[in-house]
Amino acid sequence: MSQQFEDGTTLDRFIFETTKAHREAQGTLATLLRQIALAGRLVSSRVNRAGLAGMLGATGETNVQGEFVQKLDIYANDAFKRALEHVGVCCAVVSEEDDQPFLIPERFHSGRYIVCIDPLDGSSNIDVNATIGTIFGIFRRKTPEGTTATKDDYLRSGRDMVASGYIIYGSGTVLALSTGEGVYCFTLDPLVGEFFLSHSDLRLNDKANTYSVNEGYAAKWNPKLRTYIEGIKDSDENWKARYIGSLVADFHRNLLKGGIFLYPGTIDNPQGKLRLLYEAFPLAFLVEAAGGRASNGTQDILDLLPTDHHQRTPLFIGNKENVSDIERALSKE
Ligand code: P6P
């Protein structure tokens, strides 16, 4: 049963109240989530100024703007690792930006949690001022605290995740979070530097009629998927198409308004483009907490077992009946 909170509750109070309910957390998960929020505030400030750099770019300073934008990925990656390394509650950060997982340096305590993160997904959209975001998922380690994290700690079922969320940097900065019971969104007041509860216990209806997919690749999809998409277009269900091309933005819209997001495999890339550990798992954890589903086309995303921390997966995510319809369409003989 999800707890109820009035709008305006701060993220800090929410974290304290919800992790208090998890007695075994002993405040370590609360510390971890606070540090993620801190890094999110730093990245939000920097992303918002990137637009300014973009304006400078209009005066021929494209090198400065281009270099600034490119550095945003690196800045975000460093901001989250710096925020997590020294507080004694994290043992490894598995980041989209790093070839190998970042293991907490010897001088700090190798703590209880692993954070899988895409520090700044969709950063190619910055120079067109489109919405981008951070995606994170949290595992509790299997190996003993104080030791160096191993693959066993992060190459594991998505069902082992204890929390996940994203931070979306758009017209406002919003942090979405679930510890497994309900999904809560907090909007940043940049003047105060605090996140305030703005969406409480988000729930998806069983079915929706908005689909979000890059149809430019349709010729390379599984023909059964092409048939499914053509079928909804021809239906009398008034389907709408929405595609921003930034995973966090497309997902956030669907979470608030209902919809199905698809990033399927193609002939050239059968596993698609999106990453399992730090994109699909965290969003699948969230969508299930909101009553939705996430599938790779044949099975639940959270039931998958990664063998590589950068492996990709096809992703179909959103209202549960829509996801099941796609699985049925793909399984037709
Ligand atoms: P395409 C952004 O580059 C990203 O990784 C996701 O945020 C987004 O959903 C996807 O790629 C868009 O990919 O192939 O449609 O441009």
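Whatever order the structure lists ligands and atoms in, that order sets their numbers, starting from 1.
Atoms of ligand 1 lying under 4.0 Å from at least one heavy atom of Leu247, given by number and element, are 6 (C), 7 (O), 8 (C), 9 (O). Annotation for ligand 1: atoms under 4.0 Å from non-hydrogen atoms of Gly245 are 2 (C), 8 (C), 12 (C).
Counting only heavy atoms of the protein, atom 11 (O) of ligand 1 lies nearest to Lys273 NZ, 2.9 Å. What sits closest to atom 7 (O) of ligand 1 on the protein, heavy atoms only, is Asp121 OD2, 2.4 Å.
For ligand 1, the polar-atom distance check finds no N/O of Asn125 at less than 3.5 Å from any of the ligand's N/O atoms. An N or O contact shorter than 3.5 Å is missing between Glu279 and ligand 1 by distance. Among the atoms of Phe261, none of the N or O lies under 3.5 angstrom from an N or O of ligand 1.
By the 6.0 Å contact criterion, NZ on Lys240 is enclosed, its count of non-hydrogen atoms from other residues, nucleotides or ligands being greater than 12. Lys233 NZ: more than 12 foreign heavy atoms inside a 6.0 Å radius.
Hydrophobic cluster membership differs between Val287 and Ile244, with clusters built from Ile, Leu, Val, Met, Phe, Trp and Tyr side chains linked at under 4.5 angstrom.
For the residues Phe251, Tyr243, Tyr217, the heavy atom positioned nearest atom 12 (C) of ligand 1 is part of Tyr243. For atom 2 (C) of ligand 1, the candidate residues are Ser212, Gly272, Gly122, Gly133; the nearest heavy-atom contact is made by Gly122.
What you find for Thr187 and Ser198 is that their closest heavy atoms are OG1-OG, 2.8 Å.
Within the 3.5 Å criterion, the main-chain N or O of Asp73 finds no donor-acceptor partner in the side chain of Asn77.
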Walk me through it: do Asp118 and Arg275 pass the test salt bridge (Lys or Arg N to Asp or Glu O under 4.0 Å)? CA-CA 9 Å; Asp118 187 349; Arg275 309 285 183 168; over 6 Å; no
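A parallel orientation is assigned to the rings of Tyr243 and Phe261, their planes being inclined by less than 30° (bins at 30° and 60°).
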